Amino acid sequence: MRMQSNAARDGDARPKQYLLVEFPYPSGEGLHVGHLRSYTAMDILARKRRMEGKNVLYPIGWDAFGLPAENYAIKTGQHPRVTTEQNCANFRRQLQAMGFSFDWSREVNTTDPAYYRWTQWIFLQLLRQGLAYKAKMPINWCPKCKIGLANEEATGGVCERCGGPVEKRDREQWMLKITAYAEQLLAGLDTVDYIERAKAQQRNWIGRSEGVDIDFSVQGSDAVITVFTTRCDTLYSCAFLALAPEHPLVTRLTTEAQRDAVAAYVDRARAKTEIERTKLDQEQDGVFTGSSAVNPISGEVVPVWISDFVLGHYGHGAVFGDIHDARDFVLGKRYGIPMRVTVLPPSGDDVDAIRAQAVCYPDDGVLIDSGPFTGMTSSEARERIAQWLEEHGAGRRRVQYKLRDWVFSRQRYWGEPIPVVFCAACGTVPVPEDQLPVLLPEVERYQPTDTGESPLANITEWVNTKCPQCHGPAQRETDVMPNWAGSSWYFLRYIDPKNDRALADPTQLQYWMPIDWYNGGMEHTTLHLLYSRFWNLFLHDIGVVPVAEPYQKRTSHGMILGPDGEKMSKSRGNVINPDTIVAEYGADAVRVYEMFIGPFDQMVPWSTDGLVGCRRFLERVAALLSRVDPKPAGDSCGTIADRDLLRMMHRTIQRVTEDIEDMHFNTVVSALMEYTNALVKQERIPFLAYTTLLTLLAPFAPHLAEELHEQLPDPEAPAHLLADHPWPVFDPAQLAADTWEMVVQVNGKVRATLSMPTNATLAEMQEQALRDATVQKHLAGRAPTRVVVVPGKLMNIVVD
RNA sequence: GCCGGAGUGGCGGAAUGGCAGACGCAGCGGAUUCAAAACCCGCCGCCUGCAAAGGCGUGAGGGUUCAAGUCCCUCCUCCGGCACCA
């Protein structure tokens, strides 16, 4: 079989089309049927786009740094590079067996030094711009395995490896200031075409809220407690302040009498695990510091408490407590702190209960007992009180985000070394760009050290180096980057994968970016998708990338579950192995079934019976070949005399063309099946009718379509591949029929179906309908009060 | 609690407000075969009926409309995300 070229051509005159799928982590298990769903869908689009005359870039590569290879190395001593190479070879074989039309000349691998050189380069740019910094952060530490764990490995506070409890250890970590881009990451969502749930999830994750920082001065001290609130309209009801146990002022504000009680409470809070502390169904508790603070708007003096429902990392780790918040309400009631109602619902019968402080009213309403703001609505009061606070220097409007900075250090081996050195004289010094990449050295043992440092820390000849600035003795950073680093910019490298002077040539970036369509899993919406948008925004800001938003359009495929409806897993034994099914049913049948299995964006269970049906469909297509009329001489593929068949062909072209764009692949396959079933009923099949079927089928089942195309009864053997055919265009004029089936309803119920000439007049339609016996029976002699006619569809006769 | 999505035959699912159940699977019947598998033809939502025909039917209840799976209101259930976030 002749091979079509899938290579994208840089700077081609044709319109470009950059289609992207998430590159896989090359695990030892091989490809998953879930990969196939995404890759097949985008392969169909890539093939269709090429037939439509586009210059298509559809690349693939390997996101090959990662924990499984490293854990395997710890167990066996086998170098991750070796297993990674084997796994990549296996994945490559599997992807090629599926016939995906990737541009293999642009393959990238995140573990290739020629690649991670540029990952390190991007880090240096972030460092230079002050967006990378070191901070003391707690890491997950398993005391039994003596290993630092990623959050994903410590879910539920339990070590994934040994099942023992995980504790927090403070460690200096590299951080990336993604929060500096919070607003842009949020605003950018309005400029791109992502599926709604992806946008919603990102907005959720960024968690923007508008509010006010309010300063409370502590009585008998020069200390000031700043709290953040979105509800400054309830400021007159402030009954107390509550600090997080880790708040820096805790020690200072605690009076002698309260010292023991506070110390006990803070210790107890610290001993609690993250899960215990954030458990929802517990009553808020706390302890009084002994100090009091002044409400800047009312001058009222309120007690300062400590409670662990207040989070240290959000806002300023302090809140003002009042009766209009469910948690504050519980705390106040529990300790008998005097509270005051200042917001009432505009109407309703619960007013008495609210006034009596029997229930908490957390919603907006109308203000009472609030000085000059009494009588205002909550939203009005928020505006005016914020203004008052700003004018009196007691507060500032501010936007607060839930998004937190990105912990960028891993105490691991199999990752990109972070390219900095520590010099006693010069401090933290970036490795000069011309010395990149900082190569990952060979180690003997892959275990992290007892101190929680990376295995790299043990290689003294690597760690000890010279300071690039003063040439004095210095030590290398031994942390490596997280998995997300390499995947945060890979789409840029595909554009110019072999460039050794820049991460990619600006002219090529200008030509190919942005990515027209990116499909991937929902599980990557908040991490990978957000991280890579952040890096691209940053690279855009420093003039490396021409567009701010990397992905013009983002879609997501639903997960494929096991035949039992459960998530596929080795332990459940419900995993479908692509190699097995491809060997048994062929790649084309698997491709067609992956698209036919159900709505593309929804979760669906695997069914090998369904796959059999797709295999049978392809066999029916192949069986038609013997009944195809020979191609007439000349360039034309001939005509179709049968008007019904011709109409169906055009209808099928339309459905397939439109439904592919909407990712309704399941209905595309059924449209092709219906068209095939119509051809099955023909004694002889017009050449044109059959080549059209093959052309429409080609993106779905390229191997079979191409093979049948070669065997067509064409005396002048075709000079080109089916894949080089132009995509068929449907002719709306051919969709019109001479007659239509008119459904006749009486009072909305179907009573007859009559064949109508397209040019029938209203009177003729009505006359025919009224003559029908069943219609007459249901009219029972009554005269129609109204007749509704929808031409081409139906007639509804309404009687009383 | 907030945000997003979904609920239709035995199963996966289809349906610009206009014949609910396309297409496929499973099932049933036939044809073929020495026999079986495959292929081929037909039937296939539920109830009544020999049939003709009729009634019911898209999570529940209301509403709009000549006409509602589809639009509006009030709920219920399931899936996903966020969550003592002030």
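The structure displayed is predicted, hence computed values, not measured ones. Note on naming: letters A, B, ... go to the chains in the order of the sequence lines (proteins, then strands), and numbering restarts at 1 for each one.
- Atom pair A:Leu611:CG and B:C25:P shows a separation of 11 Å (rounding to whole Å applied).
- Listed nucleotides B:G81, B:A86, B:C56 differ in distance to A:Thr229; the shortest reach to its side chain belongs to B:A86.
- Here the OG-CG distance, from A:Ser556 to A:Leu529, works out to 8.0 Å after rounding to the nearest 0.5 Å.
- Here A:Lys567 lies out of heavy-atom contact (under 4.0 Å) with every strand.
- Remark: C1' of B:G24 and CG of A:Leu618 are 13 Å apart, rounded to the nearest angstrom.
- Between A:Asp190 and A:Arg203 a salt bridge is recorded (basic side-chain N to carboxylate O distance below 4.0 Å).
- Here the two rings, on A:Trp606 and A:Tyr593, have centers that are under 6.0 Å apart.
- Here the side chains of A:Leu672 and A:Phe617 are in contact, with some heavy-atom distance below 4.5 Å.
- Distances were taken from every side-chain heavy atom of A:Pro605 (C-beta onward) to each of B:A26, B:G12, B:A86; the shortest belongs to B:G12.
- Taking every side-chain heavy atom of A:Lys749 into account, B:C56 is the closest of B:C40, B:C56, B:A20.
- Residue A:Arg197 has no polar side-chain atom (N or O) positioned under 4.0 Å from OP1 or OP2 of B:G81.
- A straight line from CE of A:Met603 to C1' of B:G7 spans 15 Å, rounded to a whole angstrom.
- Picking from B:G18, B:G24, B:G12 the nucleotide with the shortest atom distance to the side chain of A:Val604 gives B:G12.
- B:G49 is unpaired under the criterion used here, namely a Watson-Crick or G-U wobble arrangement in which both key atom distances are under 3.5 Å.
- In this structure, the nucleotide among B:G54, B:G4, B:A20 sitting nearest to the side chain of A:Ala200 is B:G4.
- Closest to the side chain of A:Leu311, out of B:C85, B:C23, B:C3, is B:C85.
- Base pairing annotation: B:A68 forms no Watson-Crick or G-U wobble pair, as no partner gives both donor-acceptor distances under 3.5 Å.
- Looking at the side chain of A:Gln745, the nearest of the listed nucleotides B:C19, B:C82, B:A22 is B:C19.
- Applying the Watson-Crick and G-U wobble criteria (two distances, each under 3.5 Å), B:G61 pairs with B:C73.
- Remark: B:C82 base-pairs with B:G1. Criterion, Watson-Crick or G-U wobble with two distances under 3.5 Å.
- Counting heavy-atom neighbours within 6.0 Å of A:Lys333 NZ, excluding the residue itself, gives a total above 12.
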